[in-house]
Amino acid sequence: MNKKLKIRDLTLRDGQQSLFATRMPHSCIERMLPLYKDAGFYAMEVWGGAVPDSVMRYLDESPWYRLKDISRAVEGKSLLTALSRGRNLFGYVPYPNSVLEGFYKEAIKDGLNIMRIFDALNDLDNVAESVRLINELGGIADGAVCYTVDPKDETPVEKPGFFARLFGKKVEEPKKIFTDEYFVEKAKGFERLGAKIITLKDMAGLVNPARVASLMPKLKANLSVPVDFHTHCTPGYGLASSLMAIIHGVDILDTNIWYFGGGSAAPAIELIYVFCKKLGVEVEANMEAVGKIREILKGVRGELKDFDLAKSYPKDFDPLKDTLPAEIDALFDKAIEAARANDEDALLTACHAIEEYFNFPKPNLIVKNAEVPGGMYSNMVAQLKSLGAEDVLNDAMALIPKVRRDAGLVPLVTPTSQIVGSQAVMVALSRKKGHDDYANVSNQFSSLIKGEYGKTPVAIDPAFREKITGDATERPYDVSSYVKPENPELPEYDNVKLAQNEEEYLLLELLPSVANTYLRKRRKEEYDARHANDVKEEVVADTPAEVASEEPITGPTLKAPMGGKIISINVKPGDKVKLGDKVLVYEAMKMENDLASERDGVVKRVLVAPDDVVSTNQPLLEYE
C-alpha cells in the first residue's frame, strides 16, 4: 500500500455532541484515555463546539480541566484539535481580538494543537485574525469552509404549459450561490490567510457523493495544503460521500468509533477501514487500540441512554477479526465500483444496505428534505417541547428557507443554525397567534440582520433590515463597543471574586450567563469548605412564623412570550416606563431576547429575579 489516509477521530467531541447532546461526563472519557494514547490517530477532536457551554451548563464541569487532562494522558501521540467559530469562538456573539487572543493562548498552553476555524457566513474577514493568532501562538490553523446548498423554493411555481413555454416569458431559475467555484475560492482564501489545513465542513451531511466527485478534485488541484473532509450521516450521504472523498484523494477524514458513529454523527472508522483495505489505502490508525476503545464505548453508550438519539445499537463488529458474510462483503465491492463509475444511485443503494445490515440508523428524511443539520432539527424539537408547542414543528421547519433568505442566505451552522432555527420557531408561533411574522426577534437575529456577524452570502434587503433593527444601514460589529463583563465580589462568600483566575474570567467573557452560574457554585463549595467547622447558632423564633400569603396581581402585567431564563432586569418598582422601553433580558432557546414594555406606565412589582426559569405567558412584572 502506498496511499495513506490520516484520521481525525471525533468521538470525544463531535461524536458525543451529535448523538448524545454533549452529555458525556469526563469520568467516562478518562477510562478511554490510556487507550487513545496508543490509537495512532493523526488528530483527536476533544474540545470546542458545544463543549465549553455544555460541560458547564449540564455537567457542572470545567472545560479547561477537560482539555488539560486529555493532553496529559495522550502525551502528544495524537494532535488535539478543537472547533472554533472564528470571531464568535464558542459563543453566540462576535468578540474583539483581545478575547480571541486570550482564549487561543490559554487553549494552546493547556495542550491544544489544531484549531479548526470556521465562520458561519463563510466571511473570511471574520477568520483572518484567528488564523494569524493560532499560527503566531504555536498552533496549527485549520480553515474550515462551511458547505451548504441553495435552499429549495418554499412556494414552487407550476411548470408552464407547452404554448406558454413557446410564446411566454422565459422563467429564470434563481441564481445559484453555492457552486463548486464558491467553495474553492473560500478555500483558497483561507490558504492565503495562512491556514495549514483546509477542511470541507459539511455540518448537515448535505454533500452528496456526486458533488464530492465534482468538488474534491478541484480543491486538491487548487490547494497546496492537506484537505480534510468532515460530514455527517444524518440524511444518508455520509458513508458514500466519505468513500468518494477517499477515491478522489482526500488527505484527512473525520470519523467516529463504532458505537458513536453513523446516524447524525460522522461515519464509523471500522467501515472506512474495510473500504480502504479493499482500495489499497492504509488507514493511519492502530485498529487494535481502536477495538479496545470500542468495547469501552459500548458501556459508555449505555450510561448515556437518556440522551441517546438513536436508541438502537449497531451490531458488534471487529474488522480485524470478524469475517463478513459473502453478500455483505460484495456490497462493499459494489459501492467501490459505483463510486469509481460516479453512479450515485448504485453507490447510495450499496452503502445504505451496508448500514442497514449493521443496524445503523436509516437516513433521516425530514432532515434530508429540509436540508438542515440534524442538531438544528433536534434543537427545534426540544425547544418546542419545552414550550408545549410541538404542534408548530412542521410549520417552523417549512419556514426555515424563508427566514434563511431574509437573513442573507446564511449557511446553517452554529451559531446561524441556532439563530435561524429559533427565529423560525418564533415566526411559527407568531403566525399561530395571528401576529406579524417578526413580532418577536432574538437579540442575535437582530445582530445578524444589522451586519454584526459579518457579510452574508447575499446582501440583506435594506427594508427588511430597517423592519428588524429600526435602521436600514448595515452596521458591522464594532470591537470598540465591547464591554468586558464585571467580575464582582461576592459578599455572601467572604467577598471573594466571582472569577478567581484568567481561565475562569475567560469563561465569563465567552459565556456570561452559563459561566456565572457555574462559577457561583465553585465559590459556594469553597466557602462551605472553609467554614465547615464553624459553630452555627440555632435561632429559635419566639412565635411560629406565619406563612406569608402572596399578594394577588390586580394590575396589568407583562408576560413572557415564551419560556426561558431571566438574564437581567432593567427596572424596579416605582420606575416610569414608556411603550417600547427595554425592561428585561431573558434567554430562550439559547438566544437572548430583549423584552420591551407594552405600555406606558409605572412598575408596581417585578415578579421575577435573575436566573429564574419562567414559562410561556408567565407574568414578569405588574404595572400600577
Side-chain angles (χ1 to χ4, degrees), residues 53 57 85 87-96 99 120-121 126 376 379-380 383 387 403-404 406-408 410 414-427 429-430 435-454 456 460 464-479 481-486 508-516 558-571 577 580-598 608 610-614 616 620-621:
D53 182 319
R57 185 189 296 263
R85 303 166 193 157
R87 192 162 286 285
N88 304 116
L89 282 172
F90 314 121
Y92 291 90
V93 297
Y95 295 98
V99 179
L121 308 183
N126 282 343
M376 178 180 175
N379 277 339
M380 291 173 70
Q383 290 161 3
L387 298 173
V403 175
R404 189 179 168 212
D406 289 344
V410 294
T414 306
T416 51
S417 60
Q418 185 69 21
I419 295 171
V420 169
S422 296
Q423 194 59 52
V425 167
M426 289 184 183
V427 173
L429 291 172
S430 291
H435 297 165
D436 180 79
D437 279 357
Y438 291 98
N440 290 304
V441 297
S442 71
N443 293 355
Q444 285 76 14
F445 186 76
S446 179
S447 295
L448 175 64
I449 302 306
K450 277 181 187 176
E452 291 184 357
Y453 282 86
T456 51
I460 292 172
F464 182 72
R465 180 178 287 119
E466 184 171 16
K467 175 181 179 179
I468 298 300
T469 71
D471 189 341
T473 308
E474 182 179 0
R475 297 192 181 279
Y477 180 72
D478 180 8
V479 293
S481 67
Y482 176 75
V483 178
K484 293 174 75 68
E486 292 183 5
L508 203 57
E509 281 194 290
L510 183 63
L511 301 158
S513 176
V514 179
N516 191 294
L558 178 68
K559 296 180 179 179
M562 62 179 64
K565 179 182 177 182
I566 303 299
I567 301 299
S568 62
I569 299 170
N570 302 334
V571 295
V577 294
D581 284 353
K582 186 173 79 171
V583 294
L584 60 81
V585 181
Y586 73 102
E587 180 187 70
M589 300 182 289
K590 291 190 177 182
M591 298 289 107
E592 289 188 4
N593 303 267
D594 290 341
L595 197 57
S597 177
E598 297 172 346
V608 291
D611 293 334
D612 281 358
V613 176
V614 299
T616 303
L620 304 175
L621 60 84

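In this chain, numbering begins with 1 at the start of the sequence shown. No experiment lies behind these values; they were computed from the predicted model shown.
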Can you tell me how far apart [atom1] ([X]) and [atom2] ([Y]) are? Round to the nearest 0.5 Å.
X	Y	atom1	atom2	value
Ile449	Arg475	CD1	CZ	15.0 Å
Asp612	Ile567	CG	CD1	11.0 Å
Ile468	Ser447	CD1	OG	12.0 Å
Leu558	Leu595	CG	CG	4.5 Å
Arg404	Thr456	CZ	OG1	11.5 Å
Asn126	Asn88	CG	CG	7.0 Å

Strictly distance-based, threshold 3.5 Å: is any side-chain N or O of Gln423 a donor or acceptor partner for the main-chain N or O of Asn440?
yes
Within the distance-only criterion (no hydrogens, no angle test), does the side chain of Tyr482 pair as donor or acceptor with the backbone N or O of Pro96 below 3.5 angstrom?
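It does not hold such a pair.
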Start with the C-alpha distance between Asp406 and Lys467, add both sets of side-chain angles, then the distance that settles salt bridge (charged side-chain N to carboxylate O under 4.0 Å, His left out), and finish with yes or no.
CA-CA 11 Å; Asp406 289 344; Lys467 175 181 179 179; over 6 Å; no
Could I get the full list of ring-ring contact (aromatic ring centres under 6.0 Å, His included) partners for Phe464, not counting sequence neighbours?
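Scan of Phe464 (ring-ring contact (aromatic ring centres under 6.0 Å, His included), adjacent residues dropped) gives Tyr438.
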So which atom in [X] and which in [Y] form the shortest heavy-atom distance, rounded to 0.1 Å?
X	Y	answer
Glu452	Pro94	O-CG, 3.2 Å
Arg465	Lys450	NE-O, 3.7 Å
Val571	Leu621	CG2-CD2, 4.1 Å
Val403	Ala424	CG2-CA, 4.0 Å

[X] side chain near [Y] side chain, heavy-atom distance below 4.5 Å:
X	Y	answer
Leu121	Leu448	yes
Ser446	Thr469	yes
Arg85	Thr414	yes
Pro610	Ile569	yes

Is there a side-chain hydrogen bond (donor to acceptor under 3.5 Å, both in side chains) between Asp471 and Thr473? Walk through the geometry before answering.
CA-CA 5 Å; Asp471 189 341; Thr473 308; 3.0 Å; yes
Sequence neighbours left out, what passes side-chain contact (heavy atoms from CB on, under 4.5 Å) with Ser597? Give chain and number order.
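Ser597 satisfies side-chain contact (heavy atoms from CB on, under 4.5 Å) with Val577, Val583, Arg599, Tyr623 only.
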